[in-house]
Protein chains: 2
Amino acid sequence: MTTDRTDAAAVAEATTPESGIADPIPEATLARLPIYMRGLLEVAGDGVTTVSSRRLADLSGVNAAKVRKDLSYVGTRGTRGVGYEVDRLIREIGMVLSGEVTPVVIIGVGNLGRALSRYDGFVAGGFPVLALVDADSSMVGRRIAGVIVSHVDDLGKVVAETGCLLGIVATPAHAAQVAVDGLIAAGIRSILNFAPAVVSVPAEVELRKVDLATELQILGYHEHRREAANPQQVA
Amino acid sequence: MTTDRTDAAAVAEATTPESGIADPIPEATLARLPIYMRGLLEVAGDGVTTVSSRRLADLSGVNAAKVRKDLSYVGTRGTRGVGYEVDRLIREIGMVLSGEVTPVVIIGVGNLGRALSRYDGFVAGGFPVLALVDADSSMVGRRIAGVIVSHVDDLGKVVAETGCLLGIVATPAHAAQVAVDGLIAAGIRSILNFAPAVVSVPAEVELRKVDLATELQILGYHEHRREAANPQQVA
DNA sequence: AAGCGATTGTGCACGCATTCACATGCATGG
DNA sequence: CCATGCATGTGAATGCGTGCACAATCGCTT
Ligand SMILES: NC(=O)c1ccc[n+]([C@@H]2O[C@H](COP(=O)([O-])OP(=O)(O)OC[C@H]3O[C@@H](n4cnc5c(N)ncnc54)[C@H](O)[C@@H]3O)[C@@H](O)[C@H]2O)c1
Ligand SMILES: NC(=O)c1ccc[n+]([C@@H]2O[C@H](COP(=O)([O-])OP(=O)(O)OC[C@H]3O[C@@H](n4cnc5c(N)ncnc54)[C@H](O)[C@@H]3O)[C@@H](O)[C@H]2O)c1
């Protein structure tokens with residue numbers, strides 16, 4: 001179950017020929033690359049040309065050894081005794097993280113969908129929201145952040161026209177599975193789900209979820225626990 | 001480094017006297033409890049009184065053994081050959097997840113802050129947003145989802161009056177550290193940060209982050225990678 | 001009353017991620 | 001041109017999370 005590829009294919013895939021990028025970059029590393037990127041862009045703005053793993057670790061709030069191991073997956077080689085070249089790092093991490101602009105479609109234009117549509121951080125990060133769809137016909141035709149809302153029935157057409165590769169689900173929970181199925185039918189294979197619902201997808205589709213209620217409950221647990229252990233009055 | 005408590009203290013802390021709740025519930029388990037809860041509430045609505053780990057696993061999209069191990073941390077004992085009592089499970093998971101209502105304060109009432117304020121799922125989950133603060137005085141005094149926006153300078157007062165225990169940061173990235181410091185000064189010790197910035201907090205404060213841009217970038221990486229491996233034309 | 005089918009509870013092994021520790025190797029200064 | 005110092009790159013140890021596999025145990029049927 002680990003892999004059904006041949007050994008030859010696995011070896012060929014171990015590194016890409018041109019760059020030294022290890023092909024399956026660990027998820028944990030992947031999640032940190034954007035953080036490093038932010039720190040790098042920051043120091044680059046200050047005119048700094050090289051950073052040590054130590055410095056980048058401080059900027060990112062992580063361990064220095066972790067930074068070095070992470071960067072080794074990206075293929076970047078630093079210079080011993082000096083550090084890493086900032087520009088090169090930015091370029092190479094940028095290459096790994098979806099190289100170019102990747103347009104996004106949002107399905108469900110309610111409170112959350114609208115907030116996400118207007119988020120300029122997505123555009124800045126190379127993820128412009130180029131399509132919005134909703135099931136509510138009173139919403140269809142409205143313009144939000146420069147994009148006209150289409151009806152969910154036209155999802156396939158809209159996705160094809162705009163070339164969206166990523167889908168964001170912001171419908172109510174009970175519509176989440178339908179929404180996801182629609183996105184997949186439209187050719188989308190990478191989906192971010194905000195609805196608090198368990199949805200199933202075929203193996204070739206990448207589904208990630210953001211569950212805000214769960215985040216609060218985890219915080220609540222710790223808060224709760226702290227108070228139980230340490231009963232101090234606020235007043 | 002594993003623990004610097006005495007063995008006696010560790011043993012005393014292993015379980016709370018009244019219930020069989022293992023005290024430090026693993027983070028991974030904790031993150032799944034709300035999912036189980038949703039499935040349980042769903043089947044409870046259908047009048048079902050018992051569930052097997054298998055059934056709950058299917059409802060939650062996880063492995064059955066994982067469900068059983070998770071529930072063992074909660075302290076619930078099922079009946080062999082039968083399953084778990086739904087009502088009891090709901091009650092006991094509810095106990096673990098911050099027992100009662102936990103009010104929340106949101107700092108930064110922009111696009112995202114407003115969407116979160118209006119999210120009824122928080123109220124339903126026992127996390128009512130009872131306070132809103134912003135630095136922009138033109139925002140102060142406005143009413144959003146029944147709550148009047150206060151000035152960030154009054155954060156301490158507002159938190160004290162409303163008894164908020166959880167803080168949500170929805171300010172721009174450059175203000176995130178200031179916002180977090182403010183929350184901590186106001187007595188908040190559990191914080192959820194939406195700003196894409198590295199912030200530091202004292203050890204006793206629990207800080208979680210939700211980084212939407214990173215989520216998209218991880219999806220983008222996989223999409224990117226899939227296309228590189230499998231160059232198929234859309235048209 | 002006893003066997004049977006079903007489901008729990010958990011020991012165990014495996015893999016991923018984190019972190020330490022240190023040898024390796026480059027740049028710089030004398 | 002060589003020595004010195006500093007930061008990289010990585011081997012190895014540890015811990016956490018996952019999932020298999022199975023014995024223990026319960027209710028129900030005969
Ligand atoms: N608002 C928040 O801050 C927030 C926070 C966390 C999670 N969420 C989750 O995000 C989702 C959206 O939240 P919201 O507050 O925006 O809800 P909302 O009710 O404001 O918006 C939902 C939108 O989805 C549309 N919709 C319904 N069914 C659809 C379908 N089949 N296809 C396309 N569109 C459809 C509706 O017309 C509506 O416009 C919910 O699942 C919610 O639980 C929201
Ligand atoms: N909008 C989204 O969908 C979205 C998505 C992902 C992440 N984010 C992040 O969430 C944060 C908020 O996003 P937004 O779109 O709501 O931005 P926004 O600019 O619409 O709102 C930010 C609000 O914070 C207030 N503010 C600024 N400094 C403050 C301070 N020191 N104390 C209190 N309030 C202060 C501003 O007055 C403003 O009202 C940003 O960091 C953004 O990167 C937003």
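Source: prediction; values computed, not measured. Reminder, nothing fancy here: chain letters follow the sequence lines and each chain counts from 1.
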Checklist entry - How about B:R38 and A:D211: do any of their side-chain heavy atoms sit closer than 4.5 Å? => result yes
Next on the checklist: Output the rounded distance in Å from CD (B:E85) to C1' (D:dC26).
Outcome noted: 15 Å
Checklist entry - Roughly, in whole Å, what's the span from CZ in B:R55 to P in C:dT8? => result 13 Å
Item to check | Residue B:N63, side-chain heavy atoms: nucleotide from C:dT7, D:dG19, D:dG9 that is nearest | outcome: D:dG19
Checklist entry - Among D:dG9, C:dT10, C:dT7, which nucleotide sits nearest the side chain of A:R77? => result D:dG9
Checklist entry - Does a nitrogen or oxygen in the side chain of A:R32 sit under 4.0 Å from OP1 or OP2 of C:dT18? => result yes
Next on the checklist: When you measure only distances, ignoring hydrogens and angles, does the side chain of A:K69 come within 3.5 Å of the base of D:dG9 through a donor and an acceptor?
Outcome noted: no
Next on the checklist: If you only use heavy atoms from C-beta on, which nucleotide in D:dA23, D:dC20, D:dG9 is closest to the side chain of B:R80?
Outcome noted: D:dA23
Checklist entry - With respect to B:S190, which candidate in A:H222, A:H224, A:R226 satisfies the side chain to side chain donor-acceptor pair (under 3.5 Å) definition? => result A:R226
Next on the checklist: Between A:D70 and A:L30, is there a side-chain heavy-atom distance shorter than 4.5 Å?
Outcome noted: no
Checklist entry - Would you say D:dG9 has OP1 or OP2 under 4.0 Å from some side-chain N or O of A:Y73? => result no
Checklist outcome for this item: 5'-most contact on DNA chain C (nearest-nucleotide basis), A:T79 vs B:V51, goes to B:V51
Item to check | Side-chain N or O of A:S53 closer than 4.0 Å to phosphate OP1/OP2 of D:dT8 | outcome: yes
Item to check | B:L89 CG to C:dT8 P, straight-line distance once rounded to whole Å | outcome: 10 Å
Checklist entry - Which whole-number value in Å describes the distance from A:D70 CG to D:dT10 P? => result 13 Å
Checklist entry - How many Å lie between NZ on A:K66 and P on D:dA12, as a whole number? => result 22 Å
Checklist entry - Base, sugar-phosphate, or nothing: which does B:A65 touch, judged by heavy atoms less than 4.0 Å apart? => result base
Next on the checklist: For a quick test of reading the model: is some side-chain N or O of A:R68 closer than 4.0 Å to OP1 or OP2 of C:dC20?
Outcome noted: no
Checklist entry - Heavy-atom distance under 4.5 Å between the side chains of A:I191 and A:L166, does that happen here? => result no
Next on the checklist: Does any part of the side chain of A:Y221, heavy atoms only, come nearer than 4.5 Å to the side chain of A:R225, both counted from C-beta?
Outcome noted: yes
Item to check | Rounded interatomic separation in angstrom, taking CD1 from B:I25 and C1' from D:dG17 | outcome: 15 Å
Checklist entry - What is the distance, rounded to the nearest whole Å, between atom CG of A:L71 and atom P of C:dT18? => result 14 Å
Checklist entry - Starting at CZ of A:R54 and ending at C1' of D:dG5, how long is that distance when rounded to a whole Å? => result 17 Å
